[in-house]
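Step one of this worksheet: look at the structure below.
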Amino acid sequence: YCEGDDYWCDENKLQMQADYLENHPECSACVHNTYIFDVRDKSKRTMFMGKERDLTVNDCIRGWPYSYHTSSLIARAELIKNRPEFTSMVKNVGDHPLAIFLSIKGKIHYFCNPMSVYRYGTEESWTSKMRNDLAFKTRKFEDMVLMLKAADSYSNYKYHSYFKKKIDTERHFVGVLKKEPFLILKYPRIHTRYIYRSIKKVLKNKFPFLLKIKTKIFSLRKKINESR
């Protein structure tokens, strides 16, 4: 898989992955680390940390930065040809559900050396649309919830606790994007610091005068401290 402006940067990549799959029939796919190239400032860094290993189902359910980038993927043809319905439920998002499917069907081996490049920040890209189009972003998170529920059912709920945690996280972000504090609080399984930031963001948008009060309090506190 190599989409859009992404590209491979190691001439031995395909052979290395093909050899591994041939020698490890228990594996459904083989992936590797990837460089992120930011087209805006021309910087480049590796996308993932960690050593060579087999990715877990939970890694793939959680997605980035615990999984892999699509440009690194080589998978068994019979699995790609017979993908279940949930892998195409989210419009313009096929990589995440595909990763979940492949991890359910077998091991996904990860090589830590980067052998592909992901171009980040290009205009009109999916990432840019996610950053700038609120309606598109909200719809994506809502569709992700439906996809994750379908994937949970496909796996016969073997990994239900992992799916539930991810579903709650997606619902949490829907609440943030829709500025619904009660929806944010209803799904508190996301890390505490994200809950705090999300609630703060919603309150700032709904009650902007609170920020002015906070500024005045800090200003008053500073004057008091200086006068002592």
Side-chain angles (χ1 to χ4, degrees), residues 1-39 41-76 79-80 87 93-121 125-127 130-131 144 147-148 151-152 155 158-170 172-173 189-194 197:
Y1 279 75
C2 199
E3 304 172 327
D5 294 329
D6 306 334
Y7 61 92
W8 298 330
C9 60
D10 189 315
E11 61 182 9
N12 298 313
K13 163 194 155 62
L14 296 176
Q15 191 64 57
M16 183 178 179
Q17 291 179 278
D19 288 346
Y20 192 90
L21 287 177
E22 186 175 349
N23 294 323
H24 296 82
E26 75 280 6
C27 286
S28 60
C30 186
V31 297
H32 53 73
N33 205 347
T34 299
Y35 288 116
I36 301 178
F37 177 72
D38 194 324
V39 299
D41 60 11
K42 310 302 180 185
S43 62
K44 187 168 78 170
R45 66 186 188 279
T46 53
M47 182 174 281
F48 305 105
M49 303 293 288
K51 59 185 179 180
E52 182 177 338
R53 67 192 188 281
D54 291 330
L55 300 177
T56 66
V57 174
N58 191 31
D59 288 334
C60 293
I61 291 172
R62 295 169 79 186
W64 187 89
Y66 306 99
S67 184
Y68 63 86
H69 188 258
T70 309
S71 63
S72 74
L73 174 65
I74 286 186
R76 297 195 183 278
L79 294 177
I80 298 297
T87 61
V93 181
D95 48 355
H96 190 181
L98 178 59
I100 293 172
F101 166 60
L102 291 173
S103 68
I104 291 172
K105 300 301 288 186
K107 295 180 179 178
I108 299 179
H109 190 73
Y110 168 81
F111 289 110
C112 58
N113 43 318
M115 294 185 281
S116 63
V117 179
Y118 161 52
R119 291 179 185 264
Y120 177 81
S125 68
W126 183 88
T127 306
M130 276 289 287
R131 188 169 58 245
M144 284 293 291
M147 182 278 291
L148 290 164
D152 193 14
S155 69
K158 183 178 180 180
Y159 311 100
H160 180 65
S161 61
Y162 300 141
F163 277 111
K164 186 166 190 331
K165 186 176 289 187
K166 182 63 175 177
I167 288 169
D168 286 352
T169 300
E170 301 296 299
H172 171 89
F173 285 122
R189 284 182 169 82
I190 195 169
H191 197 284
T192 307
R193 74 173 183 273
Y194 293 118
R197 289 174 184 171

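Just so we're clear, the structure is a prediction, and the values are computed from it rather than from any experiment.
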Would you list the atom pairs, donor with acceptor, under 3.5 Å between side chains in residues 109-117 and any protein atom, with sequence neighbours excluded?
residue: H109; atom: ND1; partner: Y20; partner atom: OH; Å: 3.0
residue: H109; atom: ND1; partner: D54; partner atom: OD1; Å: 2.8
residue: H109; atom: NE2; partner: E52; partner atom: OE2; Å: 2.7
residue: Y110; atom: OH; partner: N33; partner atom: ND2; Å: 3.4
residue: S116; atom: OG; partner: T34; partner atom: OG1; Å: 3.0
residue: S116; atom: OG; partner: S71; partner atom: OG; Å: 2.8

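By the 6.0 Å contact criterion, CD on E22 is open, its count of non-hydrogen atoms from other residues, nucleotides or ligands being 12 or less. At most 12 non-hydrogen atoms from other residues, nucleotides or ligands lie less than 6.0 angstrom from OH of Y162.
Put simply, OG on S72 and CG on D10 are 12.5 Å apart, with the number rounded to the nearest 0.5 Å. In this structure, the separation between CZ on R119 and CZ on F37 is 6.5 Å, given to the nearest 0.5 Å. The SG atom of C30 sits 10.0 Å away from the CZ atom of R76 when rounded to the nearest 0.5 Å. If you take CG on D152 and NE2 on H160, they are separated by 5.5 Å, rounding to the nearest 0.5 Å. To the nearest 0.5 Å, atoms OG1 (T169) and NZ (K164) are separated by 10.0 Å. Taking OG of S28 as the reference point, atom CD1 of I80 lies at 9.0 Å (rounded to 0.5 Å).
Counting only heavy atoms from C-beta outward, the side chains of L73 and D95 never approach each other to under 4.5 Å. I100 has its side chain within reach of L148: a pair of non-hydrogen atoms, C-beta onward, lies under 4.5 Å apart. Side-chain contact check for K166 versus H96: some heavy-atom pair is nearer than 4.5 Å.
With sequence neighbours excluded, the residues satisfying ring-ring contact (aromatic ring centres under 6.0 Å, His included) with H69 are Y118. Applying the side-chain hydrogen bond (donor to acceptor under 3.5 Å, both in side chains) rule to D38 yields the partners R40; only residues at least two apart in sequence or on another chain are considered. With sequence neighbours excluded, the residues satisfying side-chain hydrogen bond (donor to acceptor under 3.5 Å, both in side chains) with Y66 are R62. The side-chain hydrogen bond (donor to acceptor under 3.5 Å, both in side chains) test applied to Q15 returns D19, not counting sequence neighbours. For D41, the side-chain hydrogen bond (donor to acceptor under 3.5 Å, both in side chains) partners are S43, not counting sequence neighbours.
For the residue pair H32/K13, the side-chain donor-acceptor check at 3.5 Å is satisfied.
Of the residues listed (L55, N58, I61, V57), the one engaging S103 in a side-chain contact (heavy atoms from CB on, under 4.5 Å) is V57, and it is the only one.
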